[in-house]
Amino acid sequence: MSLSSLFRRLNFTVPGFQALPGAPDNGREKLAIVATKGTLDWGYPPVILASTAAALGYGVEIFFTFYGLQLLKKDLSHLRVSPLGNPAMPMPVPMPTLMMVLPGMEGMATSMMKSKMKAKGVASLEELRELCVEAEVHMVAGQMTVDLFEFDSADFIDGIELGGAAAFFEFAGESDITLFI
């Protein structure tokens with residue numbers, strides 16, 4: 001799916017939009033994001049913000065570390081939503097916190113979230129991540145965490161770079177906006 005067609009599908013318009021090729025250091029404003037969470041609900045903010053910033057002309061880099069590395073895996077079907085410890089999660093029926101620890105509640109919350117997103121026409125994480133790839137968002141997997149958790153880089157999508165925090169700091173230090181998600 002092309003960048004423009006995905007934006008049209010999502011009714012996302014930016015006046016005068018066209019995909020901007022080039023490296024993040026070409027004089028554009030820059031956005032640096034540190035992605036540390038690897039759940040379905042926490043996977044959306046980094047890719048939504050990165051793809052939007054890229055569409056607006058920013059050079060964008062996302063540094064994926066610790067659980068955020070889950071978002072770089074080719075298969076994202078394992079990502080879940082945890083209703084436990086997520087008090088802002090709207091539930092159709094109010095439930096006591098103790099109920100959230102029961103077996104099956106995480107699966108139910110994940111299923112509900114996926115159904116609601118599909119019904120509302122929200123793009124999948126895979127689609128948004130592909131949008132980032134097409135928009136040339138620079139995605140870096142934290143090498144130390146890859147080594148720590150013994151991830152196989154073959155499990156990650158193509159086009160990412162393995163790198164250390166020092167390389168990310170170089171980009172983040174020159175960025176106009178830095179976000180920790």
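These figures come from a predicted structure and were not determined experimentally.
One N or O on the side chain of E127 and one on the backbone of S124 form a donor-acceptor pair closer than 3.5 Å.
With rounding to the nearest 0.5 angstrom, the CD atom of E29 is 4.0 Å from the OH atom of Y58. Distance CG/D155 to CG/L69: 11.5 Å, rounded to 0.5 Å. Going from atom CG of L40 over to atom CE of M117 covers 5.5 Å, rounded to the nearest 0.5 Å. Atoms CG and CG, on L71 and L79 in that order, are 6.0 Å from each other to the nearest 0.5 Å. Between the NZ atom in K74 and the CZ atom in R129 there is a gap of 10.0 Å [rounded to 0.5 Å]. Considering CZ of R80 and CG of D41, their distance stands at 12.5 Å, rounded to 0.5 Å.
Test I33, L125, V137, L131 against V47 for side chain to side chain contact (heavy atoms under 4.5 Å, CB included) and you get one pass: L125.
Not counting sequence neighbours, the partners of T178 by the side chain to side chain contact (heavy atoms under 4.5 Å, CB included) test are A32, A172, S175. With sequence neighbours excluded, no residue forms a side-chain hydrogen bond (donor to acceptor under 3.5 Å, both in side chains) with S115. Partners of Y44 by ring-ring contact (aromatic ring centres under 6.0 Å, His included), not counting sequence neighbours: none found. By the ring-ring contact (aromatic ring centres under 6.0 Å, His included) test, F64 is found to be paired with no residue, residues two or more places apart in sequence or in another chain being considered. Not counting sequence neighbours, E106 has no partner by the side-chain hydrogen bond (donor to acceptor under 3.5 Å, both in side chains) test.
Residues L49 and V60 share a hydrophobic cluster, clusters being chains of Ile/Leu/Val/Met/Phe/Trp/Tyr side chains in contact below 4.5 Å. A single hydrophobic cluster is seen to contain both F168 and F180, as judged by linkage of ILVMFWY side chains at heavy-atom distances under 4.5 Å, directly or through other members. Grouping the Ile, Leu, Val, Met, Phe, Trp and Tyr side chains by contacts below 4.5 angstrom, directly or via other members, places V34 apart from I48.
Closest approach of R28 and D176 over heavy atoms only: O-OD2, 4.5 Å. Listed here is the closest heavy atom pair of K73 and L76: O-CD2, 3.4 Å.
In this structure the side chain of V133 reaches within 4.5 angstrom of the side chain of M139, judged on heavy atoms.
Atom CD of E161 has more than 12 neighbouring heavy atoms from other residues, nucleotides or ligands inside a 6.0 Å radius.
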May I have the list of side-chain donor-acceptor pairs in residues 144-153 shorter than 3.5 Å, sequence neighbours left out?
{"unit_1": "T145", "atom_1": "OG1", "unit_2": "T65", "atom_2": "OG1", "d": "3.0"}
{"unit_1": "T145", "atom_1": "OG1", "unit_2": "F66", "atom_2": "N", "d": "3.4"}
{"unit_1": "D147", "atom_1": "OD1", "unit_2": "Q143", "atom_2": "NE2", "d": "2.8"}
{"unit_1": "D147", "atom_1": "OD2", "unit_2": "Q143", "atom_2": "NE2", "d": "3.4"}
{"unit_1": "D152", "atom_1": "OD1", "unit_2": "A154", "atom_2": "N", "d": "3.0"}

